[in-house]
**Q** 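The following block contains the structure, expressed as structure tokens.
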Amino acid sequence: MMMMNRAIRSVVACNNRRLKASSGGIGSPRSRLIHHSSPQLSGKSDSKISSDIEHTPVQTLNKSPIVQKLWKTRDEAKRRVMGKLTMGDGEYSEVSLAAAELIAEGRKGEYEPPSKLGKHPRESEVGIMYEFSKDQYLLETYRNPYGEMRFGKILEDLDALAGNIAFNHVEGNPLIVTAGVDRIRLRRRPDINANQFLSGKVTWVGSSSMEIRMKISANEDGSDEWLEAYFTFVTLHPTTKKAIKISPLIPETDEERVHFELGAVKAQAKRAARKNKIQIGRPLSDESLKIDARAAQLLEQAGPLLKMPSLADPNTILMNETAQGNAMVAQPQARNLHDRIFGGFLMRRAFELAFATAYLFGGDKPRFLEVDDISFDKPVDVGDLLVFKSRVLYTMPDGGNLGHYVDKHDGLPLVNVEVEVWVTCPEQKKAEVSNHLYFTFALPESKTCKLVLPANIDQARRQAIRMHADEIQADLRP
């Protein structure tokens, strides 16, 4: 715990210090900046636009302008490395050339072992500007009905950017797979009419996994940051699909060393959580026993609602009564560069359902604060019948502590919403969970909200497990 607290204090200090260009930050010439302009307003001739479309992956169609740009950049780098494009073709940005130079040697064969020397975080760094102030098409794409940022679209962009960053770090030709999203949180509400800068880089590397930290700032130098996100990727052998080692990371700056230490602490916490997970035939750990005891208390607290609802506290409600859901067939327009359904698309749909669930529950337009622990348990293919299920998992009617990073939430009622994405096959009478997502919202205009209680022991355990996980996460919230 002492090591954890030291890492957290260091992160706080670094977050409050502006990163100088000489340290290899976004403002440095060593960084990769992707320039975005909407084709509708770019002033290109029809012949030039037609040429661009010919070299554009079909999967980028129907995506946001930012996702289109990131995917075109990654695709161009791959094609150049594979010898399918001359170095003079394309007009995306210099990031493709830089990526090709970095990984060309390692990608000539099917798979080459990673460099023993390792790579620096700056070698994976990527940034892209949202030019909202002069691009009306881009502005309309990201505006929600309330004249604010549409965060579901931001989730798509984060997933796309994380893929580019991971691609820049690996060597050889491994499969790069999103293992999960550890945390995405907001410091404040951004001004959608002002330009914003999305950037990120690898901050920690294990044996076969890497952690990527991304942020959105009001300025290109990384100052005035208002969002941070942590994604975890794993690398697999392209043939055997087994985990393979990747290049180690060599932090250079104080900030990079702090984030590397914090990444190691979080990886250790994940290993401990997996070890404490209940498994048939294995004795319960002390932590699991505590969770079971908490679940029993929650179920006991729900007794009046279950046995004599007319006499129960009117400020309590059963979890079942908060449930919402929808279903859809996964269309080809939502696929990624690997022709499977884009993870960012699933996150956006889940976020929008979670927002509506919190809105219907609280009677107050919710304010999104953070999302924790998104799992990617099963890939989703084109044509899959998807069922999205949501419910309020638990609430904090008197407010809670999400750390100093998240502004203006003290004392506000907090609502934790769970969303499950199910892949179903009616013909085979089969259904499997693809994703779990956990969103936290505040009710800014409410003084309190109802306390959500479980209707059975399964719900009680789900509540207790999530509460316990959030409490552990709170120790990692600077």
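These figures come from a predicted structure and were not determined experimentally.
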**Q** Would you please classify the geometry between the Phe151 ring and the Phe368 ring as parallel, tilted or perpendicular, with 30° and 60° separating the classes?
**A**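 Tilted, since the angle between the ring planes falls between 30° and 60°.
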**Q** Please step through salt bridge (charged side-chain N to carboxylate O under 4.0 Å, His left out) for the pair Glu125 and Arg213, ending with a clear verdict.
**A** CA-CA 10 Å; Glu125 193 168 21; Arg213 182 182 187 267; over 6 Å; no
**Q** Just so I know, are the side chains of Ile317 and Leu453 near enough to count as touching, which here means a heavy-atom distance under 4.5 Å?
**A**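 SC-SC contact between Ile317 and Leu453 ruled out.
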**Q** Atom OG of Ser208 and atom NZ of Lys242: how far apart are they, to the nearest 0.5 Å?
**A**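 Between Ser208 OG and Lys242 NZ, I get 13.0 Å after rounding to 0.5 Å.
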**Q** I want to check something: taking the side chain as every heavy atom from C-beta on, are Ile216 and Trp226 in contact at a cut-off of under 4.5 Å?
**A**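 Yes - at least one pair of side-chain heavy atoms lies under 4.5 Å apart.
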**Q** Here's one to test your reading of the geometry: is the NZ or CZ of Lys389 within 45 degrees of the ring axis of Trp422 and under 6.0 Å from its centre?
**A**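 Cation-pi check for Lys389 and Trp422: passes.
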**Q** Please name the residue in the list Arg185, Arg187, Arg188 that meets the salt bridge (Lys or Arg N to Asp or Glu O under 4.0 Å) test with Glu228.
**A**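 It is Arg185, the one option of Arg185, Arg187, Arg188 that forms the salt bridge (Lys or Arg N to Asp or Glu O under 4.0 Å) with Glu228.
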**Q** If I compare all heavy atoms of Thr448 with all of Pro397, which pair ends up nearest, and what's the gap?
**A**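 Thr448 and Pro397 have their closest heavy atoms at OG1-CB, 3.4 Å.
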**Q** Show your working on side chain to side chain contact (heavy atoms under 4.5 Å, CB included) between Asn435 and Asp377 and close with a plain yes or no.
**A** CA-CA 6 Å; Asn435 306 86; Asp377 304 320; 6.0 Å; no
**Q** Going by heavy atoms in the side chains, are Thr316 and Lys450 under 4.5 Å from each other?
**A**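 Not touching, per the 4.5 Å side-chain cut-off.
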**Q** Could you grab the distance from atom CG of Leu346 to atom CZ of Phe388, nearest 0.5 Å is fine?
**A**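 So the gap between those two atoms works out to 5.5 Å.
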**Q** Any side-chain donor-acceptor pair under 3.5 Å between Asn195 and Glu220?
**A**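 Asn195 vs Glu220: no donor-acceptor pair found between side chains.
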**Q** Side chains of Asp182 and Thr232: donor-acceptor distance under 3.5 Å anywhere?
**A**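 Per modelled atom types, Asp182 and Thr232 side chains form a pair under 3.5 Å.
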**Q** Looking at Arg349, is its backbone amide N or carbonyl O close enough to the side chain of Glu352 to form a donor-acceptor pair, meaning the two atoms are under 3.5 Å apart?
**A**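 Flag not set: sc Glu352 to bb Arg349 has no pair under 3.5 Å.
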**Q** Ignoring hydrogens and geometry beyond distance, is a side-chain donor-acceptor pair present between Glu211 and Thr203 at under 3.5 Å?
**A**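 Yes, a side-chain donor-acceptor pair sits under 3.5 Å.
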**Q** Strictly distance-based, threshold 3.5 Å: is any side-chain N or O of Asp381 a donor or acceptor partner for the main-chain N or O of Asp384?
**A**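 No; judged by distance alone, with no hydrogens or angles, the pair does not exist.
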**Q** For Pro454 and Gln463, work out which heavy atoms get closest and say how close.
**A**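 Closest approach of Pro454 to Gln463, heavy atoms only: CD-OE1, 3.2 Å.
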**Q** I need the minimum non-hydrogen distance between Ala229 and Leu158, along with the two atoms involved.
**A**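 So the minimum-distance heavy-atom pair works out to CB-CD1, 4.0 Å.
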**Q** In the structure I gave you, are the side-chain heavy atoms of Ile374 and Met347 within less than 4.5 Å of one another anywhere?
**A**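 In short, these two side chains touch, coming nearer than 4.5 Å.
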**Q** Counting distance only, does the side-chain N/O of Ser434 pair as donor-acceptor with the main-chain N or O of Val423 below 3.5 Å?
**A**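 Looks like no, no N/O pair under 3.5 Å.
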**Q** Can you see which heavy atom on Val181 is nearest to which on Phe376, and at what distance?
**A**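 Reported closest heavy-atom pair: CG2-CE1, 4.1 Å.
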**Q** Considering non-hydrogen atoms only, spot the tightest contact between Ala460 and Leu298 and give its length.
**A**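 For Ala460 versus Leu298, the nearest heavy atoms are O-CD1, 3.9 Å.
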**Q** Mark yes or no: Lys365 above the aromatic ring of Tyr359, with NZ or CZ under 6.0 Å from the six-membered ring centre and no more than 45 degrees from the axis.
**A**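 No, a cation-pi geometry is absent between Lys365 and Tyr359.
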**Q** How many angstroms lie between CZ in Arg391 and OG1 in Thr357, if you round to the nearest 0.5 Å?
**A**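 Atom-to-atom, Arg391:CZ and Thr357:OG1 are 11.5 Å apart.
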**Q** Just checking, any donor-acceptor pair under 3.5 angstrom between side chains of Tyr405 and Glu225?
**A**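 Short answer, yes.
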**Q** Report yes if some heavy atom in the side chain of Leu402 is under 4.5 Å from a heavy atom in the side chain of Thr440; otherwise report no.
**A**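 A side-chain contact under 4.5 Å exists here.
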**Q** Salt bridge (Lys or Arg N to Asp or Glu O under 4.0 Å) with Glu252: which of Arg122, Lys119, Arg257, Lys201?
**A**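 The salt bridge (Lys or Arg N to Asp or Glu O under 4.0 Å) with Glu252 is passed solely by Arg122 among Arg122, Lys119, Arg257, Lys201.
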**Q** Do Leu161 and Leu198 have side chains that approach each other closer than 4.5 Å (heavy atoms only, starting at C-beta)?
**A**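 The answer is yes, as the side chains (C-beta and beyond) meet within the 4.5 Å cut-off.
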**Q** Return yes if some donor-acceptor pair links the side-chain N/O of Thr322 with the main-chain N/O of Val392 below 3.5 Å, else return no.
**A**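 A pair under 3.5 Å: yes.
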**Q** Could you tell me whether the side chains of Glu418 and Tyr438 share a donor-acceptor contact shorter than 3.5 Å?
**A**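 Side chains of Glu418 and Tyr438: pair found under 3.5 Å.
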**Q** What's the spacing between Thr239 OG1 and Lys241 NZ if we round to 0.5 Å?
**A**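 Here the rounded value is 6.5 Å.
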**Q** Decide yes or no on side chain to side chain contact (heavy atoms under 4.5 Å, CB included) for Met214 and Ile165, but give the supporting numbers first.
**A** CA-CA 10 Å; Met214 293 168 286; Ile165 294 168; 4.0 Å; yes
**Q** For Met467 and Met396, run side chain to side chain contact (heavy atoms under 4.5 Å, CB included): C-alpha distance rounded to whole Å, both residues' side-chain angles, the deciding distance at 0.1 Å, then the answer.
**A** CA-CA 11 Å; Met467 289 175 174; Met396 296 182 182; over 6 Å; no
**Q** Does any donor atom in the side chain of Glu287 or His468 lie under 3.5 Å from an acceptor atom in the other side chain?
**A**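 The answer is yes; a qualifying pair exists.
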**Q** I want to check something: taking the side chain as every heavy atom from C-beta on, are Arg348 and Arg150 in contact at a cut-off of under 4.5 Å?
**A**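 Arg348 vs Arg150: side chains touch.
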**Q** With a sphere of 6.0 Å drawn around NZ of Lys290, does it hold more than 12 non-hydrogen atoms of other residues, nucleotides or ligands?
**A**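 Open.
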**Q** Does a side-chain N-to-carboxylate-O contact under 4.0 Å join Asp372 and Arg183?
**A**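 Looking at Arg183 together with Asp372, the answer is no, because their closest N to O distance does not fall below 4.0 Å.
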**Q** If the test is side-chain contact (heavy atoms from CB on, under 4.5 Å), which one of Asn164, Val202, Val170 qualifies with Ser124?
**A**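 The side-chain contact (heavy atoms from CB on, under 4.5 Å) with Ser124 is passed solely by Val202 among Asn164, Val202, Val170.
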**Q** Taking atom types as modelled and ignoring hydrogens, do the side chains of Ser446 and Asp364 form a donor-acceptor contact shorter than 3.5 angstrom?
**A**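 On atom types as modelled, these side chains qualify, holding a pair under 3.5 Å.
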**Q** Take Val417 and Phe361 through the test side chain to side chain contact (heavy atoms under 4.5 Å, CB included) and record every step on the way to the result.
**A** CA-CA 10 Å; Val417 179; Phe361 169 79; over 6 Å; no
**Q** When you look at Tyr130 and Tyr142, which way does the ring-ring contact (aromatic ring centres under 6.0 Å, His included) test go after all the steps?
**A** CA-CA 10 Å; Tyr130 295 88; Tyr142 286 82; 5.3 Å; yes
**Q** Has the side chain of Ser375 got a donor or acceptor atom that lies under 3.5 Å from a matching backbone atom of His436?
**A**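 Yes, Ser375 side chain to His436 backbone: donor-acceptor pair under 3.5 Å.
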**Q** Check this for me, if you would: do Arg189 and Glu148 make a salt bridge, where the nitrogen-to-carboxylate-oxygen distance has to be below 4.0 angstrom?
**A**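 Looking at Glu148 together with Arg189, the answer is yes, because their closest N to O distance falls below 4.0 Å.
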**Q** Quick check on Lys430: does its NZ atom have over 12 non-hydrogen neighbours (other residues, nucleotides or ligands) under 6.0 Å away?
**A**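 No, not enclosed.
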**Q** Any sub-3.5 Å donor-acceptor pair from Glu261's side-chain atoms to Val258's backbone N or O?
**A**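 The answer is no, because no donor-acceptor pair under 3.5 Å joins these two groups.
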**Q** Decide yes or no on salt bridge (charged side-chain N to carboxylate O under 4.0 Å, His left out) for Arg466 and Asp470, but give the supporting numbers first.
**A** CA-CA 6 Å; Arg466 190 67 236 161; Asp470 286 343; 2.9 Å; yes
**Q** Testing Ile212, Leu249, Thr235, Ile176 one by one against His169 for a side-chain contact (heavy atoms from CB on, under 4.5 Å), which residue passes?
**A**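 Result: among Ile212, Leu249, Thr235, Ile176, Leu249 is the only option passing the side-chain contact (heavy atoms from CB on, under 4.5 Å) with His169.
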**Q** Angle class for the Phe355/Phe441 ring planes (parallel below 30°, perpendicular above 60°, tilted otherwise)?
**A**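 Because their plane-to-plane angle is over 60°, the rings of Phe355 and Phe441 count as perpendicular.
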**Q** With no hydrogens and no angle check, just 3.5 Å: does a side-chain donor-acceptor pair link Asn219 and Ser217?
**A**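 Judged by distance alone, the side chains do not pair up.
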**Q** List the steps and the verdict of side chain to side chain donor-acceptor pair (under 3.5 Å) for Gln196 and Asp191.
**A** CA-CA 9 Å; Gln196 307 294 338; Asp191 179 6; over 6 Å; no
**Q** Could you pull out the closest heavy-atom pair between Trp204 and Ser209, with the gap in Å?
**A**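 Nearest pair, atom of Trp204 first, then Ser209: CZ3-OG, 3.7 Å.
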**Q** Do Glu156 and Asp159 touch side chain to side chain, with heavy atoms closer than 4.5 Å?
**A**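 No, side chains not in contact.
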